[in-house]
Engineer: 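Quick one: this structure, given as structure tokens, is what I'll be asking you about.
Because the structure is a prediction, the values reported are computed rather than measured. In what follows, every heavy atom counts, from backbone to side chain, and hydrogens, waters and symmetry copies are set aside.
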Amino acid sequence: MRTVDCRLLVACLIAGTLTVGAAYGQAAATQPKWGLDVAVLNTAAQAWALCGQNQDEFSMMVQKMVGMVSANRGLQLPNDRVMGQKIGGMVAREVLADPDNLLYAIVDHAILATLGPQAQCMIPTSVCEPAPGKWTPAEMATSTVTQAWQISGQNKTEFRKMLETAVALSLENRGLALEDSKDNGIYLGNVLRTDLEAHPNDLLYTVADRSVRMVATVPAAK
């Protein structure tokens with residue numbers, strides 16, 4: 001696991017003190033060098049580096065991801081400072097505990113956990129029109145299992161490609177490799193299938209990452 005600069009934790013906490021509802025709806029005073037389509041593919045540690053280890057810019061990234069999660073899941077977040085503090089505090093704790101997880105996945109989990117069971121049970125409406133073969137890595141990283149199935153055009157081959165991309169990204173982020181054996185491939189496939197069916201409202205990447213951590217115990221060759 002990569003070590004986390006304590007300033008990263010501070011940056012998350014700063015992000016949490018902002019008013020959730022208003023912050024992501026306002027245009028930034030200065031345009032960041034990164035775009036959300038790039039940022040969502042970064043782990044928490046990578047996102048901190050992408051922001052040049054700048055607390056204000058990292059806070060901006062977190063806030064933009066809050067807005068993106070809200071839009072993708074069809075959630076109405078209250079324009080409330082306390083809610084922002086709760087989300088920011090949870091983001092901070094998860095960043096410190098698991099800096100190799102995608103920052104977007106951390107923000108997504110923090111929002112759902114803060115809003116409670118009702119939000120977690122909502123079936124999100126895809127914001128993308130089904131376009132088989134035309135999905136992007138950013139869509140893979142920000143889509144729930146249900147949304148990914150819609151984006152793939154309900155095509156099993158395309159959906160499998162999205163899932164394989166998520167698995168590959170998780171392996172890279174975690175510094176892991178799958179043991180090259182038929183039995184291990186079958187085991188991973190069964191774990192993925194069970195998790196996909198049980199958690200259709202989880203991010204596709206979260207399901208892939210959870211399965212990878214269960215199955216892939218071989219450190220990647222350096």
Side-chain angles (χ1 to χ4, degrees), residues 1-73 75 77 79 81 83-85 87-111 127-128 131 134-144 147-148 151 162 165-166 168-175 203-206 208-209 220:
M1 177 180 289
R2 296 157 181 77
T3 58
V4 182
D5 191 314
C6 64
R7 290 172 294 176
L8 178 52
L9 179 59
V10 173
C12 287
L13 290 171
I14 289 175
T17 64
L18 300 177
T19 303
V20 172
Y24 64 73
Q26 297 172 353
T30 57
Q31 290 298 321
K33 297 178 181 178
W34 43 265
L36 271 181
D37 58 332
V38 173
V40 296
L41 296 173
N42 281 254
T43 65
Q46 291 167 344
W48 177 237
L50 185 64
C51 291
Q53 299 187 1
N54 180 280
Q55 292 180 356
D56 291 338
E57 192 161 340
F58 186 84
S59 296
M60 183 195 306
M61 181 183 289
V62 170
Q63 289 293 344
K64 285 183 176 293
M65 287 187 183
V66 168
M68 193 173 189
V69 170
S70 178
N72 285 349
R73 287 191 174 275
L75 297 173
L77 294 182
N79 188 6
R81 181 176 294 274
M83 177 69 71
Q85 290 174 332
I87 293 173
M90 183 167 290
V91 168
R93 290 190 292 273
E94 292 198 19
V95 162
L96 189 64
D98 191 9
D100 291 331
N101 195 6
L102 288 188
L103 179 60
Y104 183 88
I106 289 175
V107 173
D108 181 77
H109 179 258
I111 290 173
V127 296
C128 303
K134 297 186 182 298
W135 52 269
T136 66
E139 287 173 330
M140 174 278 298
T142 59
S143 296
T144 65
Q147 289 171 332
I151 292 170
M162 292 185 76
T165 301
L169 183 59
S170 174
L171 288 169
E172 180 181 351
N173 290 340
R174 299 289 179 187
L203 294 178
L204 182 72
Y205 179 85
T206 295
D209 186 59

Engineer: Less than 4.5 Å apart, side chain to side chain, heavy atoms only: is that true for Val95 and Leu103?
Structural biologist: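 Heavy-atom side-chain distance check passes, below 4.5 Å.
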Engineer: Hey, does His109 have a side-chain heavy atom less than 4.5 Å from the side chain of Thr206?
Structural biologist: no
Engineer: Is the shortest side-chain heavy-atom distance between Leu75 and Ile111 below 4.5 Å?
Structural biologist: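 Touching, per the 4.5 Å side-chain cut-off.
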Engineer: For Asn54 and Glu57, which heavy atoms make the closest approach, and how far apart are they?
Structural biologist: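 In this case the closest contact between Asn54 and Glu57 is OD1-N, 2.8 Å.
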Engineer: Where the side chain of Ser70 meets the backbone of Val66, is there a donor-acceptor pair that is under 3.5 Å apart?
Structural biologist: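 Absent.
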Engineer: Over all heavy atoms of both residues, which pair between Ala110 and Met90 is shortest? Give the atoms and the distance, please.
Structural biologist: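 So the two residues come closest at CA-SD, 3.5 Å.
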Engineer: Closest heavy-atom contact between Phe58 and Ala44?
Structural biologist: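 Nearest pair, atom of Phe58 first, then Ala44: CE1-O, 4.1 Å.
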Engineer: Between Tyr205 and Asp108, is any pair of side-chain heavy atoms under 4.5 Å apart?
Structural biologist: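 No. Closest side-chain heavy atoms not under 4.5 Å.
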Engineer: I want to check something: taking the side chain as every heavy atom from C-beta on, are Ile106 and Met65 in contact at a cut-off of under 4.5 Å?
Structural biologist: no
Engineer: Between Ala148 and Ser143, what is the shortest heavy-atom contact and its length?
Structural biologist: N-CB, 3.9 Å
Engineer: What's the separation between atom OG1 in Thr142 and atom CG in Leu203, rounded to the nearest 0.5 Å?
Structural biologist: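 Taking OG1 in Thr142 and CG in Leu203, the distance rounds to 8.0 Å.
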Engineer: Can you find a heavy atom in the side chain of Thr165 that is under 4.5 Å from one in the side chain of Met162?
Structural biologist: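 No - every pair of side-chain heavy atoms lies 4.5 Å or more apart.
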Engineer: Drop me the distance from Trp34's CH2 to Leu50's CG, to the nearest 0.5 angstrom.
Structural biologist: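 It is 7.5 Å, given to the nearest 0.5 Å.
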Engineer: Restricting to non-hydrogen atoms, name the atom on Leu169 and the atom on Leu41 that form the minimum distance, rounded to 0.1 Å.
Structural biologist: CD2-CD2, 4.3 Å
Engineer: What's the spacing between Asp98 CG and Asp209 CG if we round to 0.5 Å?
Structural biologist: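 So the CG of Asp98 and the CG of Asp209 are separated by 7.0 Å.
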Engineer: Taking the side chain as every heavy atom from C-beta outward, state whether Lys64 and Val40 have any atom pair closer than 4.5 Å.
Structural biologist: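 Contact flag for Lys64/Val40 side chains = no.
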Engineer: So which heavy atom on Ala141 is nearest to which on Tyr104, and how close?
Structural biologist: O-CD2, 3.8 Å
Engineer: Under the side chain to side chain contact (heavy atoms under 4.5 Å, CB included) criterion, do Asn42 and Met61 qualify, and how do the steps go?
Structural biologist: CA-CA 11 Å; Asn42 281 254; Met61 181 183 289; over 6 Å; no
